[in-house]
2 protein chains.
Amino acid sequence: MSGRAVTIAEVARHAGVAVSTVSYVLSGKRAISADTRRRVLDSVRTLGYHPNAGARALASRRANVIALVLPLRAGMHVPVLMQFATSVVTAARRYDHDVLLLTADEGTDGIRRAAASALVDGLVLMDVELHDGRVDLLRELAEPSVLIGFPADPSGLTCVDLDFTRAGALCVEHLAGLGHRKLALLGAPSVVYERGTGFARRTWEGFTEAVDRYGLSGIALPCEETFEEVAAAVGGLLESHPDLTALVVHNETAVNHVLGALRLHGRRVPEDVAVVAICPDDIAERSSPPLTSVLVPAEDVGREAVRLLMDKLEGRAVPGGTLLEPRLTVRDSTRSGPA
Amino acid sequence: MSGRAVTIAEVARHAGVAVSTVSYVLSGKRAISADTRRRVLDSVRTLGYHPNAGARALASRRANVIALVLPLRAGMHVPVLMQFATSVVTAARRYDHDVLLLTADEGTDGIRRAAASALVDGLVLMDVELHDGRVDLLRELAEPSVLIGFPADPSGLTCVDLDFTRAGALCVEHLAGLGHRKLALLGAPSVVYERGTGFARRTWEGFTEAVDRYGLSGIALPCEETFEEVAAAVGGLLESHPDLTALVVHNETAVNHVLGALRLHGRRVPEDVAVVAICPDDIAERSSPPLTSVLVPAEDVGREAVRLLMDKLEGRAVPGGTLLEPRLTVRDSTRSGPA
DNA sequence: GCCCGTTGTCGAAGCGCTTCGACGCTCACT
DNA sequence: AGTGAGCGTCGAAGCGCTTCGACAACGGGC
């Protein structure tokens, strides 16, 4: 495995064919007789041949690498981001592509550089804000891209995400169906709303619209992430709205603090207060009581993003926006209606 | 930015020099007159030239890309892993390198492929276990690599990590200095120890050795991560060891549950029980009370790993093992000694 | 039996860059 | 004035691969 690497010329010599024949066997772009193909593949295996990525990229004008642009912003729940990231990597490998990790600290220059140098064939952008400088850059880039999340103006772009508006509404519908009339949403930290992060705002809108539509009474609040602040917020809420019987929590970090705070204030879940969370299943399942939840299907979103990107790379037309339908799983935290 | 990309030949023509001259200006590998250099750089700027990564890699046998091998295993604290990852990316960029993200699901094949195809010049491995199949592969690879974490046998490898043995001991020393005689360690989930994850075991050893050295009494336990289990573990501990006055927690996820459990059992921190955590500063600061802690300097470790890798790429000799000295920050959770 | 369309293979021309050797200068010394 | 050592620049040879056009060999249709 050390020393100089095996080249396609050595494989060709070993198999007694031309270099181009080896190439065609490997790419399948021309018909090759079964016999020749077998001989070539045998040689590939015995010599341990791996095509040189640089040479391949140069000749084919395809690097077989996509960029994953992943800023790490305050208030984002890192484990969920990593779920997206790993699902993108796994999906990319299924299309024989690798993933280059780009972070925020280079700003848009990193994106421009990676694209202009043909380091990557396309890009997947995560953590998209409503007004996001990177998005304008993408529009002028020759390289195709897919966004995970929707900016305010998604025209000319390809975006995938969970339908957070529906997710917010779905929580309300579930609680309304159980007879709850007075609900509250505890959302992301306020900094996330101020920054204009689409998914947070859309859940909020979905929640408030559904509350209106069902003629319920609802209050939506940002939610910070220390136990102290959560406890204070929950305490204030219970005091100012004593008739509150249900809570929607859209904040992975705060979920457990919310449960702790309810415990602290002597409220039982679900008997006194029903709770629905928008969070990964493992968080919902490990809470006590296990929480009724809408999960963010990171796996599906990442896979879909890669699929769309590969379609664009092949020149196929793709829809501008893909919204995944949320699904709600009922667990113990909403087993019963209000007293 | 669309259409065909600018090539070095166009830059050369625009600047009125030879292609090789442009190359030398950009790489600095030969002396170039100030005047020529300026003309070339001007042309580079006005044309918006970015060297083609594939061509460069092919000709120079250097991809200027390193691999970050990041398995996501159960029981690992993802935010901390991401701190490592971003710090590696940031550091790599300072050496003009990009980072290719490799995950676990390809196993060692992914590593072998990336190395053999010259996709990457070197590798950084994270989340290293004591007996790790990937490690044997690294030894036979021509490409240099650096591990974040130490396997059982680090011979022939380059490893960096926080000195977790010292970290465990440091917590004990701090508590001993405050007069505590009866301590407990709540560690990682048991699956992490069973898997043979070095840092978890080393903290454990550092803790128990220090306890012995100081003639104290100590008990070390794995710690699961749901509130229920933590509460049960803490409850059991307080019951079986009523004279316990100090807790060391080496589990980012469980830290807050531990505090919640102590609250639940009517113990005040630090008056009844002192708590020291090994976790990132932001977790320690946001707890209530803020926790005395030893932080895992992910930033430093990642930067150091990249520095070592670059040294190896340049053919410089590097130390086999680098252990970073832990630092303990005193906060409210250990302000006083035992009653 | 002749023509033509397939099928399978080959050789060669790049892809855009780095790097090596060559070469013409300019200067500081004899 | 003559020599040799840099210095600055150039041209050309690859790096290892893909892909295009060419071309045998082979049948099937007439």
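In what follows, chains carry the letters A, B, and so on, assigned in the order in which the sequence lines appear, proteins first and then strands, with residues in each chain numbered from 1.
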- prompt: If you take atom types as modelled and just measure distance, does the side chain of B:Y24 reach the base of C:dC20 with a donor-acceptor pair under 3.5 Å?
  reply: yes

statement: Nearest heavy-atom contact between B:V6 and B:G48 is CG2-O, 4.2 Å

message: Suppose we call a contact any N or O donor and acceptor under 3.5 Å apart; does that hold for the side chain of A:S20 and the base of C:dG11?
response: yes

Interatomic distance, B:I32 CD1 vs C:dT19 C1' [rounded to whole Å]: 13 Å

- request: Rounded to the nearest angstrom, tell me the gap between atom CD1 in A:I8 and atom P in D:dT19.
  value: 11 Å

message: Output the rounded distance in Å from CG (B:L58) to C1' (C:dT19).
response: 13 Å

message: Looking at D:dG16, I'd like to know if its phosphate oxygens (OP1 or OP2) sit under 4.0 Å from a side-chain N or O belonging to B:R61.
response: yes

- prompt: With respect to the side chain of A:V19, which nucleotide from D:dT18, D:dT9, C:dC17 is positioned closest?
  reply: D:dT18

message: Measuring from the side chain of A:A59 (C-beta onward, heavy atoms only), which nucleotide among C:dG14, D:dC15, D:dT9 has the closest atom?
response: C:dG14

message: Rounded to the nearest 0.5 Å, what separates atom CD in A:E140 from atom CZ in A:R112?
response: 5.5 Å

statement: Among the nucleotides D:dT9, C:dC17, D:dC10, whichever has the atom closest to the side chain of B:A55 is C:dC17

task: Whole angstrom is fine here: how far is it from CG in B:L119 over to P in D:dG16?
output: 16 Å

- request: Grab the CG-P distance between B:N64 and C:dC17 for me, whole Å please.
  value: 14 Å

query: Rounded to whole angstrom units, what separation is found between the CZ atom of A:R37 and the P atom of C:dG8?
result: 9 Å

message: Does a side-chain N or O of B:K29 approach OP1 or OP2 of C:dT19 to a distance below 4.0 Å, or not?
response: yes

Nearest-nucleotide 5' precedence on DNA chain D, B:T21 against A:N52: B:T21

- prompt: Taking atom P of D:dG16 as reference, at what distance in whole Å does atom CG of A:L26 sit?
  reply: 16 Å

Exercise: do B:D35 and B:S33 side chains pair donor with acceptor under 3.5 Å: no

query: OP1 or OP2 of D:dG16 less than 4.0 angstrom from a side-chain nitrogen or oxygen of A:R56, does that happen here?
result: no

- prompt: Between the side chain of A:K312 and the main-chain N/O of A:A317, is any donor-acceptor distance below 3.5 Å?
  reply: no

message: Does A:S23 reach a base, just sugar-phosphate, or nothing at all? Heavy atoms under 4.0 Å.
response: base

- line: When rounded to whole Å, the CZ to P distance for the pair B:R62 and C:dG16 reads 23 Å

field: Distance-only donor-acceptor check, side chains A:H14 and A:S43, under 3.5 Å
entry: yes

Base of D:dG21 paired with side chain of A:R30 (donor-acceptor, under 3.5 Å): yes

